[in-house]
Amino acid sequence: MTASWALISLTELIASLADPDGDIDLLTGVERMAETLDAEVAAVCTQTDVVFSKGFGRRDSPDGQLVALARSTERITTFDRIGQLHVVRTKIDGTDDVLVLARTVDEFSADEVAFVRAVGRVIGLSNRMQNSLNADRSARRDLQRRVDDNRRLLSQLRERQGLLDRLFRIQRSISHRAPTQDVLDAVTNGALDLLGVGRVSLRLRDNEKPDELVTVSSRGYESAEVERIRVTHVDDGIAGRCIQNEQLMVVGPGRGATDSDATAATMAAPVHVNGEVIGCLTVSSKVPTREFSPPEQEALLAFAEHASLALQDARAIEAMQNALARERHRAEHDPLTGLTNRISIQRYLETRIADVDKVPITVLFVDLDRFKLTNDTLGHAFGDRVLTVVADRLKTSVRGHDLVGRLSGDEFVVVCEGISEVGASELAERIQEVISRPMQNQHTDHVIAASVGIAGALTSDSAEQLVANADLAMYRAKQNGRARIEVFDLQFRKSVEERLAVSRDLRRALNEGELLVYFQPIVKLPARRVIGFEALVRWAHPTRGVVMPDNFIPLAEETGLVAELDRRVLNESLRILGASPVRRPVAVNLSARTFGDPSLVDWIEERLAFHGVDAGDLVVEVTETVLMETTGAAARQLKAIRALGVSVMIDDFGTGYSSLAYLQTFEVDGVKIDRSFTALIGDDARASAIVAAVLHMAEALDLVVVVEGVETDEQVAHVVELRDRSASVELHAQGFLFGRPEEGATRLSGFLEVPSMPGQVPL
């Protein structure tokens with residue numbers, strides 16, 4: 001139950017009990033309160049008996065247990081046929097009766113307990129007022145017999161009716177969320193008017209100085225007196241006794257609580273919040289014969305209780321607003337650095353970018369260079385410290401109205417309004433210089449650099465696009481050597497948009513079958529007999545024509561589509577091979593993402609069986625880079641693939657990490673010499689030496705060698721001569737000399753042999 005709901009329920013109950021024309025009695029009020037708190041059991045008990053009970057249906061009420069429960073301090077009890085219940089109790093003011101509530105759900109919260117206590121005070125007060133009002137009504141029936149008494153009683157009735165009307169208006173102000181100060185002023189005004197006193201003050205403890213009382217509302221004081229009572233000690237006079245004793249205090253003339261009230265009849269009623277006395281409402285009169293009657297004392301208690309309700313409601317709202325503010329701050333700021341986070345940056349840009357024609361918007365994307373290395377070598381604790389230091393340095397580097405935020409990881413942005421491209425570049429240089437200042441790490445200095453991308457907003461840009469443009473410029477800065485500054489321009493935008501368009505088309509092409517498998521023959525030298533094919537992918541784009549792999553494979557790798565593309569090519573190759581009457585091994589290239597998939601081996605085995613292809617007719621090609629990046633996992637994957645009977649070749653051998661040690665680690669069937677060496681055979685001594693070394697190594701390890709990119713008979717002659725000089729390794733070749741790639745089915749069925757060199761006999 002929230003404080004606001006408790007307040008509303010209490011207000012409705014008070015209004016019902018305060019209605020002089022209503023017929024709502026105490027028991028009805030208790031039933032309503034039980035419903036508000038979801039209490040199954042409710043009872044009002046005296047010292048020895050049960051006045052009223054609810055929740056036992058037709059069964060006899062367990063009066064003895066209820067009376068004992070009312071006098072105990074138990075917070076949990078058990079009733080037959082109901083079970084275990086949580087208990088809250090409070091004394092009804094002005095009586096020895098105790099109100100008991102119990103429910104089976106959660107225990108009562110602090111707010112609910114405070115609510116029950118407030119209800120106990122208000123019910124007692126309202127009960128006494130109602131009894132008094134009933135007495136007055138009864139007196140009205142004797143008007144004919146006692147005319148003079150009737151006039152007096154009628155006057156009292158009007159006074160009480162005025163009190164109830166005034167209290168009801170205050171309650172309504174509280175429930176309508178009127179400003180707290182207005183409600184408190186209404187309390188002091190009401191007490192002044194209805195009690196006919198000379199002065200009224202409402203004093204509360206100072207939150208920062210609990211020993212002091214601060215006057216928050218007063219009426220009837222001279223200006224000099226107002227200043228004197230503005231702050232008093234909590235123990236002074238009648239106010240101190242009221243707060244200490246937590247009850248109404250009344251003194252007659254000549255025994256006032258303060259110097260200003262020394263000759264006054266004075267009353268002070270306690271003001272509560274959550275059951276704690278936090279101040280008092282004080283009234284005083286200088287009329288020599290003035291005495292405060294019981295109804296007037298009850299009226300002051302009523303006004304004090306309403307001040308309590310207003311303050312409790314204000315505290316609840318303040319706590320709610322503070323909680324919301326904290327949540328909003330957490331939602332809008334990075335928890336590590338305290339900078340604005342990605343969501344807030346996005347919102348800020350969305351509000352500013354609409355007026356970019358009037359006020360230019362520029363985003364600087366700052367990314368720390370080699371931050372992962374810092375984290376890995378010096379630890380994440382120091383890495384977090386680096387991020388917080390960078391955040392602080394960024395805030396001191398920018399202009400006062402620039403927005404600094406952290407997107408994620410080591411990515412920061414600075415949003416600038418009304419800055420030129422030159423100014424943005426100068427700011428980026430200043431940022432780089434400040435970030436690169438040494439940071440102390442134990443006894444050594446650590447220096448970190450940053451790459452910065454700059455992008456200015458166009459009218460057509462969204463907030464997301466603007467940040468992405470700056471990010472791309474930063475990426476280009478890293479590509480160009482790190483610790484650089486790059487500005488996003490229209491040409492760069494155009495190339496990025498083209499890449500995005502190709503990327504979108506590629507996804508569609510995978511779904512609509514636009515990717516075709518071509519086969520290029522692989523021959524055995526020197527006979528030039530076709531012994532297999534390599535599967536190569538081509539994209540039959542509906543508007544661009546045939547797109548070569550170099551123009552879309554990198555995009556497939558960037559977008560994560562390469563694994564799906566690899567599987568499509570491998571599956572289509574097996575389908576064509578399985579449907580062909582001619583069987584020659586087909587080699588299929590696999591990317592790092594595909595090769596690292598732990599489900600790959602099972603999938604290959606299933607596809608071979610599905611298409612009816614022998615494992616020996618499939619060759620898997622992977623590059624050295626793929627193998628070296630995950631040495632242990634790659635070795636296990638290769639072993640599992642070869643266990644199926646599938647051959648494995650290392651593609652583009654000589655361009656990566658070529659090492660005999662690696663070839664000893666990985667079980668493979670052959671290597672493919674990259675075309676960059678083939679092109680120089682016979683013309684470049686180094687290239688020829690490298691090819692000869694690979695041939696020797698392959699012979700020692702019993703590997704097949706495939707020479708890629710063969711385009712001339714001279715290249716064939718040179719590579720055969722190198723092999724014949726000192727090696728007898730099985731030599732294969734591939735290139736335009738032996739045939740260009742053609743669609744799979746056509747190539748596989750119609751091309752089995754290529755012309756031999758003059759004077760050579762096919763093997």
Side-chain angles (χ1 to χ4, degrees), residues 7 11 14 18 118 121-122 125 159-160 162-206 212-232 234 236-243 247-251 256-258 260-261 264-273 277-287 290 292-293 295-315:
L7 177 61
T11 301
I14 294 172
R121 293 194 294 272
V122 170
L125 176 60
E159 289 177 1
R160 294 185 182 280
L163 172 62
L164 294 174
D165 289 344
R166 184 66 67 102
L167 293 178
F168 184 75
R169 287 196 296 272
I170 294 173
Q171 292 167 18
R172 188 160 50 191
S173 297
I174 296 172
S175 63
H176 290 174
R177 294 288 186 271
T180 304
Q181 188 61 51
D182 291 352
V183 177
L184 299 181
D185 289 343
V187 168
T188 53
N189 279 329
L192 185 71
D193 294 343
L194 292 179
L195 295 177
V197 293
R199 290 175 294 198
V200 180
S201 63
L202 178 60
R203 309 177 191 184
L204 305 176
R205 284 183 185 269
D206 191 316
E212 293 183 353
L213 289 179
V214 178
T215 301
V216 297
S217 181
S218 63
R219 294 293 181 271
Y221 288 89
E222 299 292 337
S223 57
E225 291 177 319
V226 170
E227 181 59 29
R228 187 167 53 79
I229 68 167
R230 186 177 65 83
V231 179
T232 59
V234 72
D236 286 350
I238 190 173
R241 296 200 299 276
C242 172
I243 293 172
Q247 64 182 13
L248 175 73
M249 302 298 296
V250 182
V251 297
T258 65
S260 63
D261 297 327
T266 306
M267 288 192 297
V271 174
H272 306 80
V273 169
V277 176
I278 64 163
C280 64
L281 178 64
T282 304
V283 298
S284 62
S285 171
K286 291 187 178 181
V287 177
R290 179 64 187 268
F292 293 111
S293 65
E296 289 174 325
Q297 296 176 25
E298 297 287 356
L300 184 64
L301 286 170
F303 280 116
E305 192 62 42
H306 283 69
S308 300
L309 291 174
L311 292 167
Q312 183 155 320
D313 184 61
R315 294 274 179 95

Contacts of Asp185 meeting salt bridge (Lys or Arg N to Asp or Glu O under 4.0 Å) (sequence neighbours excluded), chain-then-number -> Arg219
*Is there side-chain contact between Arg241 and Val251, with heavy atoms separated by less than 4.5 Å?*
yes
Is any side-chain heavy atom of Ile243 less than 4.5 Å from a side-chain heavy atom of Leu213? yes
Shortest non-hydrogen pair, Ser284 vs Thr266, comes out as CB-OG1, 3.6 Å
Smallest heavy-atom separation, Gln297 atom then Phe292 atom, equals NE2-O, 3.1 Å
The side-chain hydrogen bond (donor to acceptor under 3.5 Å, both in side chains) partners of Arg290 (sequence neighbours excluded) come to Glu296
Interatomic distance, CD@Glu222 vs CZ@Arg228, rounded to 0.5 Å, equals 11.5 Å
To the nearest 0.5 Å, atom CZ of Arg205 lies from atom SG of Cys280 at 10.0 Å
- Does the side chain of Asn189 reach to within under 4.5 Å of the side chain of Val200, using non-hydrogen atoms? no
Across all chains, not counting sequence neighbours, the salt bridge (Lys or Arg N to Asp or Glu O under 4.0 Å) partners of Arg121 are Glu305
For Gln247, the side chain to side chain contact (heavy atoms under 4.5 Å, CB included) test, sequence neighbours excluded, returns Asn245, Met249
Residue set satisfying side-chain hydrogen bond (donor to acceptor under 3.5 Å, both in side chains) with Ser308, at least two apart, ordered chain then number -> none
Sequence neighbours excluded, the answer for side chain to side chain contact (heavy atoms under 4.5 Å, CB included) partners of Ala269 is Leu248, Leu300, Leu301, Ala304
d(Arg230 CZ, Ser201 OG) to nearest 0.5 Å is 14.0 Å
Tell me, do Arg199 and Ser218 make a side-chain contact under 4.5 Å, heavy atoms counted? no
Those residues at least two apart in sequence (or on a different chain) that pass side chain to side chain contact (heavy atoms under 4.5 Å, CB included) with Val216 are Leu184, Leu202, Leu204
